[in-house]
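Right, one structure below, let's go through it.
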Amino acid sequence: MSVTVRFAPSPTGYLHIGGARTALFNWLYARHMGGKFLLRIEDTDRERSSQSAVDAIFESLKWLELDWDVPPVFQFARASRHAEVARQLVNNGLAYYCYSSIEEVEQMRATALAHGRPPRYDGYWRDRKDPPPSGVSPVIRFKAPQSGKTVITDLVQGTVELDNAQLDDMVLLRADGTPTYMLSVVVDDHDMGITHVIRGDDHLTNMFRQYHLFKACGWSVPEFAHIPLIHGPDGAKLSKRHGALGAEQYKDAGFLPESMRNYLLRLGWAHGNDEIISTQQAIEWFDIRDVGRSPARFDMQKLLNLNGHYIRQAENERLFDLIRPWLKSGEHADRVLAGMTGLKQRAQTLRELADGALFYIERPDPGAILSGPNSKKITDPAAVSYLKQMLELLQNLTNFDEAEIELAIRNFCKEQQIKLNDLLNPARVALTGSHISPSLFDVVNVLGREECLVRINACLLQARAL
RNA sequence: GUCUCCUUCGUCUAGCGGUCAGGACAUCGCCCUCUCACGGCGGUAACAUGGGUUCAAGUCCCGUAGGAGACGCCA
């Protein structure tokens, strides 16, 4: 059987991390089954939908490299088709006009709640033959079954059942003639040939209502797979407080798309003890049936760890291109590329990578070093002496390459009975402005002799001025 | 309030009646080492709870507790 799935966000904000995972699971399932992955923008709420949100969603999906197979469907554009289906249902006696006002319905809900019943519309106009009140534009409500039981086998949740008495007569068409979400989803899923509906389990109860609507229309019902929501570290629904940032913000924070995919994939899904899973492998292994039923908490530490791993794996040129916009000046950018192998070992995000690379571009300010925590490393008499020795050593080097630099420095330390640390640490601060850096042999080599001499001399000058 | 779902180390999870309950992140210790990382080795750490079923239960059944989600003319 050929599979068609869809990701159907409403463009009322950025694509958050839960939505990204829903999209990923849909995409993986489609690719695994050799089916189609479609995109539908659910923009029927005209008040809250915006073009910028639509753009943000597209951008995020592109960044995550989740490609869709045909041009996206915009739900609002199909409103007349939806309305037509609603009227057809009225004609067939499966839906009805309801003239209750919003206030009246609210009253019904309040009353129901007060009596310990679920807040529901009470079906007042369902079978009423009264003449409709004048001047009231009605909504169309669906005639939900009132007795019996609905049993559905969800691909993730298993067999779920609901007493039909729990169902109420949902609104299909609003008083202003626009369709509601419940109607639009069902009509569009049918018209788009969706075979599997994979979405967050906040829609689980909607499944029952939509099921009956599919039946009433005489359409086949798709398979459902309701995946658990992602929760914040405190176990509550993920919110902005927790780091429920938009996918775009993870990009800005310096995460790689493959890290996000790998992390999101492992939330609720596992393949034995495998942790690092390539997208190719994920496509091969992924089955929606293997998704777990319990909600997962978002863990930034694990995401960071994974991102660090993928940064180390990434090609130097690619990393260089990615951090280039964050490097303050274009000058000496070539040094960053040359030093990338050393730099990428110690970064968990591209931001950290860029920050750690800055010293290759900008000369450290000796004044700033002096007022910082590393000042003693270049002002102690011993340190000054080591800096001078380093200066001389670098001046006298015949071949200025990494192997030669390392050999010369190690030999020098051995001959002079100096600890490598003692010689290298002052130089590290002088050359990079920090006590943390890539291998100093690497740094010296990438900076080149002239630049090293300039930086060390600048520090010596400062120390002498004190 | 009603309905639905969930519950294995702090976190993500493996487990599909018989395991010393495994891995990863985090954490702690050791090693490697020019700093910081990376890497390697090792440690601490979990079956929510009460009943069943069974020779045998993390695994099956029922209850309890805790957690989450849903109950719109939002999606």
Side-chain angles (χ1 to χ4, degrees), chain A residues 8-12 42-45 47-49 75 98 100-102 105-106 109 112-121 138-141 154 157-158 160-163 165-168 170-176 178-182 184-185 200-209 226 228-229 231 233 235-237 263 266-276 292-306 308-309 312 342 344-348 356 377 406 409-410 413 419-425 427-429 432 434-443:
Chain A
S10 61
T12 53
E42 309 216 317
D43 55 354
T44 51
D45 185 340
E47 295 287 305
R48 297 196 296 152
S49 299
Q75 195 160 57
C98 162
S100 299
S101 68
I102 290 175
V105 174
E106 270 168 12
R109 274 197 274 267
L113 213 48
H115 288 80
R117 284 180 280 118
R120 297 280 137 83
Y121 171 70
V139 300
I140 291 180
R141 284 184 184 272
D154 184 283
Q157 303 290 333
V160 234
E161 51 177 76
L162 186 79
D163 273 329
Q166 292 295 324
L167 266 17
D168 72 343
M170 61 191 173
V171 172
L172 264 21
L173 208 63
R174 299 186 187 101
D176 66 3
T178 60
T180 61
Y181 160 79
M182 287 294 173
S184 301
V185 184
D201 73 2
D202 48 338
H203 286 289
L204 188 67
T205 48
N206 289 337
M207 166 173 75
F208 293 101
R209 318 171 97 193
H226 286 92
L229 265 20
H231 288 176
K237 191 178 180 179
Y263 177 71
R266 286 285 290 99
L267 241 40
W269 180 90
H271 183 269
N273 281 339
D274 295 302
E275 295 288 344
I276 303 293
R293 281 196 283 265
S294 56
R297 298 186 187 201
F298 181 79
D299 181 10
M300 184 57 97
Q301 284 306 321
K302 191 148 184 171
L303 211 209
L304 280 168
N305 175 276
L306 222 35
H309 170 85
R312 273 170 260 131
K344 71 180 178 183
Q345 302 303 321
R346 26 185 71 69
Q348 282 193 311
K377 292 201 170 77
E406 175 161 4
I409 291 177
R410 284 190 190 279
C413 284
K419 280 202 279 187
L420 204 54
N421 263 332
D422 291 339
L423 184 69
L424 254 28
N425 285 338
R428 189 186 313 284
V429 172
T432 71
S434 164
H435 64 285
I436 296 171
S437 82
S439 159
L440 210 70
F441 308 129
D442 186 17
V443 169

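Keep in mind it's a predicted model, so treat the numbers as computed, not measured. Letters A, B, ... are given to chains in the order of the sequence lines, protein chains preceding strands, and every chain is numbered from 1.
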Between [N] and [M], how far is it from one [atom1] atom to the other, in whole Å?
N: B:U13; M: B:U49; atom1: C1'; answer: 23 Å
N: B:C31; M: B:G69; atom1: P; answer: 48 Å
N: B:G51; M: B:C5; atom1: P; answer: 26 Å
N: B:C12; M: B:G50; atom1: P; answer: 23 Å
N: B:G43; M: B:G1; atom1: P; answer: 48 Å
N: B:C34; M: B:C20; atom1: C1'; answer: 43 Å
N: B:G22; M: B:A37; atom1: C1'; answer: 28 Å
N: B:U2; M: B:G52; atom1: C1'; answer: 30 Å

Write down the distance between [atom1] ([X]) and [atom2] ([N]), rounded to a whole number of angstrom.
X: A:Ile276; N: B:U13; atom1: CD1; atom2: P; value: 16 Å
X: A:Met300; N: B:G10; atom1: CE; atom2: C1'; value: 17 Å
X: A:Leu229; N: B:G67; atom1: CG; atom2: P; value: 17 Å
X: A:Asp422; N: B:U35; atom1: CG; atom2: P; value: 11 Å

Quick one: side-chain contact (heavy atoms from CB on, under 4.5 Å) partners of [X], sequence neighbours excluded?
X: A:Asp299; answer: A:Tyr263, A:Gln301, A:Lys302
X: A:Pro438; answer: A:Leu343, A:Arg346, A:Phe359, A:Asp442, A:Val443
X: A:Thr12; answer: A:Ser10, A:Arg48

Students often get this wrong, so: under 4.0 angstrom with heavy atoms, is [X] touching a base, only sugar-phosphate, or nothing?
X: A:Arg266; answer: base
X: A:Leu267; answer: sugar-phosphate
X: A:Glu106; answer: nothing
X: A:Thr44; answer: sugar-phosphate
X: A:His115; answer: nothing
X: A:Leu304; answer: nothing
X: A:Met182; answer: base
X: A:Gly268; answer: sugar-phosphate
X: A:Leu162; answer: sugar-phosphate
X: A:Ser437; answer: base

*Is it possible for you to check whether A:Arg109 lies under 6.0 Å from the centre of the six-membered ring of A:Tyr121, through NZ or CZ, and within 45° of that ring's axis?*
no
Considering residues at least two apart in sequence or located in another chain, which fulfil the side-chain hydrogen bond (donor to acceptor under 3.5 Å, both in side chains) criterion with [X]?
X: A:Asn206; result: A:His203
X: A:Asp274; result: A:His271
X: A:Thr178; result: A:Arg174, A:Asp176
X: A:Glu161; result: A:Lys149

*Closest to the A:Leu204 side chain: B:U4, B:A75, B:A37?*
B:U4
Tell which nucleotide pairs with [N], taking only Watson-Crick or G-U wobble pairs whose two distances are both under 3.5 angstrom.
N: B:A24; value: B:U11
N: B:A70; value: B:U2
N: B:C41; value: B:G29
N: B:C34; value: none
N: B:G18; value: B:C55
N: B:U64; value: B:A48

Protein N or O to nucleotides 71-73 of chain B N or O, pairs below 3.5 Å:
| from | atom 1 | to | atom 2 | distance (Å) |
| --- | --- | --- | --- | --- |
| B:C71 | O2' | A:Arg120 | NE | 2.7 |
| B:C71 | O2' | A:Arg120 | NH2 | 2.3 |
| B:G72 | OP2 | A:Arg109 | NH1 | 3.2 |
| B:G72 | OP2 | A:Pro119 | O | 3.1 |
| B:C73 | OP1 | A:Arg109 | NH2 | 3.3 |
| B:C73 | O3' | A:Arg174 | NE | 3.3 |
| B:C73 | O2 | A:Ala175 | N | 3.2 |
| B:C73 | N4 | A:Ser100 | O | 3.0 |

At a cut-off of 3.5 Å, list every protein nitrogen or oxygen paired with a nitrogen or oxygen from nucleotides 26-34 of chain B, distance to 0.1 Å.
| from | atom 1 | to | atom 2 | distance (Å) |
| --- | --- | --- | --- | --- |
| B:C34 | OP1 | A:Arg410 | NH1 | 3.0 |
| B:C34 | OP1 | A:Arg410 | NH2 | 2.9 |
| B:C34 | O3' | A:Asn421 | OD1 | 3.2 |
| B:C34 | O2' | A:Asn421 | OD1 | 2.9 |
| B:C34 | O2' | A:Arg428 | NH2 | 3.1 |
| B:C34 | O2 | A:Arg428 | NH2 | 2.7 |
| B:C34 | N3 | A:Ser439 | OG | 3.2 |
| B:C34 | N3 | A:Leu440 | N | 3.1 |
| B:C34 | N4 | A:Ser439 | OG | 2.2 |

*Are A:Arg293 and A:Asp201 within salt-bridge range, i.e. N to O under 4.0 Å?*
no
*Is the side chain of A:Gln157 donor-acceptor paired with the backbone N or O of A:His226 at a distance under 3.5 Å, no angle test?*
yes
_With a 3.5 Å distance limit and no angle check, can you tell me whether A:Arg410 reaches the backbone of A:Cys413 through a side-chain donor-acceptor pair?_
no
_Once hydrogens and angles are ignored, does a donor-acceptor distance under 3.5 Å link the base of B:G69 to the side chain of A:Asp201?_
no
*Any donor-acceptor pair under 3.5 Å joining the side chain of A:Arg312 to the base of B:C38?*
no
*Taking OP1 and OP2 of B:C6, is either one under 4.0 Å from a side-chain nitrogen or oxygen of A:Arg293?*
yes
*Of A:Val160 and A:Gly272, whose closest RNA chain B nucleotide lies nearer the 5' terminus?*
A:Val160
*Mapping A:Pro9 and A:Glu161 onto RNA chain B by nearest heavy atom, which one lands closer to the 5' end?*
A:Glu161
*Tell me, with the steps shown, if A:Ile409 and A:Leu420 meet side chain to side chain contact (heavy atoms under 4.5 Å, CB included).*
CA-CA 8 Å; A:Ile409 291 177; A:Leu420 204 54; 3.9 Å; yes
